[in-house]
Amino acid sequence: MSSPASVHRPLPTVLAAPAIEEMAAEHSLNPPALTPPAAERLLRARRHSAGNAGVVASPVRPGLAAVVAPYGSGRHYRDAFASRGWGCVAVIPADEALPSLYRGSLDPTGYRSVVVHDDNVQATAQALRTVGVTAVVAGTEIGVPLAEQLAHRLGLPGNDPQTSSRRRDKGAMAAALAAAGIAGPRSLSTDRLQDALAFAHSLDTTDVVLKPADSAGSDGVSFCSSPDEIRSAWEKLHLVPNAMGGSNQHLVIQERLQGVQYVVNSVSTVDSHGAPWHTVTEVWADRRTGTHLYDRLDLLPLQQPIPRRLAQYTERVLDALGITTGPAHTELMYVSGRGPMLIESGARPEGSYDPVAMREATGSDHIRDAVHAAVTGDPQPTAWHGPKSTVSKVSLIAPAAGALDADLLGPLLALPTLRGYVGTLVPGTPVRRTVDLLTSPGRLTLCAHDPRAIDEDYNAIRAIEAAGLYGEEWR
């Protein structure tokens, strides 16, 4: 997805990790320690959905958070921590290690400093220790392993870095579910085409999915129904770098699930007994097009039977994947006769996310809830009374490359239920043909008391696209 436009202000100094020590010595930085989780709040077995009454947070003293790879939705961490009186340090890879998707997208305004990680975890951890970092979070998928390593080195809350592969590698993810006895799609991670073909032949279905082991946003996801289609998809993906910078040496092949797809967002922390404490904050029905492009997400009341079942399954998945701390974004499919089945889960906030629009609609949002948990140890949403309205998120779909048409963009942005959007929706902005979430021109958040108003604006969005939103030639 296109990066949203931003206004650039005077930039703070960008420092390599060793230089931070000199800065700290000069300014005598001694921030207070991280506030511990509220003691004895709940017994180990008590895990809540967000529909339950919240717990009043204990007072929090200011701290300093390191946001690793603060790209995409991760950029919102800075303002969310600032609203709690905390400062932020950005931790970013060196340019040569950064996927092209994120190059040039960092706005360092508002960060205390920007630390460039040069593949030396010890040096980066020392830089953060010196300035007094009291929490570490991953801003996006590529920051998950490093954030976990840094938190461990600093003795701060975080997931176990020894099990990071469960949270980044879809093959290891499937293996972790199988080891825990949790239902999931039959899967194989392999670097050999012949193994992939043999696995597909062993299934009782001809429909399979071939995808990168460590990408995101449906990048490289290929649906195959024959050995020839598997070979063709393999040739396009194998050893071709993916959108998250992975090598695609190993690919994952799975049975293709048939059912209704859902998205579950959650926040986790560890309770006073050392047990994971998970809170499901949002459940969305995820509608895709016939070619499996992102189409529309509809927020569901958590008290309904299906969301409650999905929440229970997701908590088991989070345990199996070793997610004990921070946000998670989990994609599931409900398969008739089999129940919920994991597609994938990421230990980071949802991508293409508009927190301001979500707060208006629900009183809370995934990033703010994650920050609340980081600074208080309490994963309960800061303000949750269920959706105040019907909420949907609609992904724009460009049938071909083009540019945004000014005459049609105006009516799109004037739709009555539109509350916010992600993307650069400016006249003349180039767009690519949409093949996945990462190539969508934008995502619109719609909110209304009457669900029929949402449906009317959804239909209007698709009509505006068909009329030539992406260029005269597509009218």
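Under the 3.5 Å distance criterion, the side-chain polar atoms of Asp354 are matched with a main-chain donor or acceptor of Tyr421. A donor-acceptor distance shorter than 3.5 angstrom exists from the side chain of Asp169 to the backbone of Gly171, with no hydrogens or angles considered. Side chain of Thr417 to main chain of Leu415: no donor-acceptor pair is present (N/O by atom type, distance under 3.5 Å, no hydrogens or angles). Within the 3.5 Å criterion, the main-chain N or O of Ala183 finds a donor-acceptor partner in the side chain of Tyr313. Panel note: side chain Lys170, backbone Ser215; a donor-acceptor pair is recorded below 3.5 Å. Glu141 places no side-chain N or O within 3.5 Å of a backbone atom of Gly346 that could act as its donor or acceptor partner. A donor-acceptor contact shorter than 3.5 Å is absent between the side chain of Asp405 and the backbone of Gly468. Looking at Ser232, its side chain never comes within 3.5 Å of a backbone N or O of Asp228 through a donor-acceptor pair. Judged by distance alone, with hydrogens and angles left aside, the side-chain atoms of Ser440 form no donor-acceptor pair with the main-chain N or O of Leu437 at under 3.5 Å. In this structure, the side chain of Thr124 does not engage the main chain of Val121 through any donor-acceptor pair within 3.5 Å.
Between the side chains of Thr109 and Asp107, at least one donor N or O lies within less than 3.5 Å of an accepting N or O. For the residue pair Ser364 / Arg368, no side-chain donor-acceptor distance below 3.5 Å is found, with atom types taken as modelled. In the model, Ser189 has no side-chain atom that pairs as donor or acceptor with a side-chain atom of His250 under 3.5 Å. In the model, Tyr294 has no side-chain atom that pairs as donor or acceptor with a side-chain atom of Arg443 under 3.5 Å.
You'll find the side chain of Gln303 stays beyond 4.5 Å of the side chain of Pro307, heavy atoms only. Looking only at side-chain heavy atoms (C-beta outward), Thr281 and His366 come within less than 4.5 Å of each other. When side chains are defined from C-beta on, Ile92 counts as touching Pro70, because their heavy atoms get closer than 4.5 Å. Between Val394 and Arg462, some side-chain heavy-atom pair lies under the 4.5 Å cut-off. The side-chain heavy atoms of Thr140 and Arg348, taken from C-beta on, include no pair separated by under 4.5 Å. Using a 4.5 Å cut-off on side-chain heavy atoms (C-beta onward), Ile142 and Leu98 make contact. Tyr470 places a side-chain heavy atom less than 4.5 Å from the side chain of Leu396. A 4.5 Å side-chain heavy-atom check between Ile461 and Leu446 finds at least one atom pair inside the cut-off.
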Salt bridge (Lys or Arg N to Asp or Glu O under 4.0 Å) evaluation trace for Arg168 with Glu148: CA-CA 12 Å; Arg168 281 290 288 124; Glu148 294 177 350; over 6 Å; no
Intermediate values then yes/no, side-chain contact (heavy atoms from CB on, under 4.5 Å), Lys211 and Gln254: CA-CA 9 Å; Lys211 57 187 178 182; Gln254 296 178 325; 3.1 Å; yes
Check against side-chain contact (heavy atoms from CB on, under 4.5 Å), Leu404 and Val431: CA-CA 7 Å; Leu404 293 176; Val431 299; 4.1 Å; yes
Side chain to side chain donor-acceptor pair (under 3.5 Å) assessment of Asn248 paired with His238: CA-CA 5 Å; Asn248 277 359; His238 190 230; over 6 Å; no
Candidate pair Val208 and Phe199, rule side-chain contact (heavy atoms from CB on, under 4.5 Å), full reasoning: CA-CA 10 Å; Val208 297; Phe199 173 80; 5.6 Å; no
Evaluation steps, side-chain contact (heavy atoms from CB on, under 4.5 Å), between Arg103 and Tyr71: CA-CA 9 Å; Arg103 288 177 190 163; Tyr71 307 107; over 6 Å; no
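Under the 6.0 Å distance and 45° angle rule, Arg309 does not count as a cation-pi partner of Tyr334.
Between the CG atom in Asp214 and the CD atom in Gln249 there is a gap of 10.5 Å [rounded to 0.5 Å]. Once rounded to the nearest 0.5 Å, the distance linking CG of Leu300 with CD of Glu282 reads 11.0 Å. Interatomic distance, CZ of Arg316 versus OG1 of Thr314, reported as 11.0 Å (0.5 Å rounding). In this structure, the separation between CZ on Arg287 and CG on Asp295 is 5.0 Å, given to the nearest 0.5 Å. In this structure, the separation between OG on Ser268 and NE2 on His278 is 4.5 Å, given to the nearest 0.5 Å. Taken from OG in Ser226 to CG in Leu197, the straight-line distance is 10.0 Å, to the nearest 0.5 Å.
Of all heavy-atom pairs between Ala176 and Arg166, the closest is CB-CD, 3.9 Å. The heavy-atom pair separating Thr325 from Gly158 by the smallest distance is OG1-N, 3.6 Å. Nearest heavy-atom pair, Ile454 versus Ser392, reported as atom, atom and distance to 0.1 Å: CG2-OG, 3.4 Å. A pairwise comparison of heavy atoms in Gly220 and Leu237 identifies O-CD1, 3.2 Å as the closest pair. Closest approach of Asp365 and Tyr353 over heavy atoms only: CA-OH, 3.5 Å. Residue Pro185 comes nearest to Glu255 through the heavy atom pair CA-OE2, 3.5 Å, listed as atom of the first residue, atom of the second, then distance.
Of the residues listed (Val114, Val116, Leu128, Val136), the one engaging Val91 in a side-chain contact (heavy atoms from CB on, under 4.5 Å) is Leu128, and it is the only one. Here the options are Asp160, Thr269, Asp319, Asn159, the test is side chain to side chain donor-acceptor pair (under 3.5 Å), and the partner is Thr324; only Asn159 passes.
Applying the 6.0 Å contact sphere to CD of Gln304 captures more than 12 heavy atoms from other residues, nucleotides or ligands. Counting heavy-atom neighbours within 6.0 Å of Arg288 CZ, excluding the residue itself, gives a total above 12. In the displayed structure, Asn459 atom CG is contacted under 6.0 Å by more than 12 heavy atoms of other residues, nucleotides or ligands. For Gln194, the CD atom sits in a packed shell: over 12 heavy atoms of surrounding residues, nucleotides or ligands are nearer than 6.0 Å.
Note on ring orientation: taking the six-membered ring where Trp is involved, the planes of Phe223 and His292 are perpendicular (angle over 60°, cut-offs 30° and 60°).
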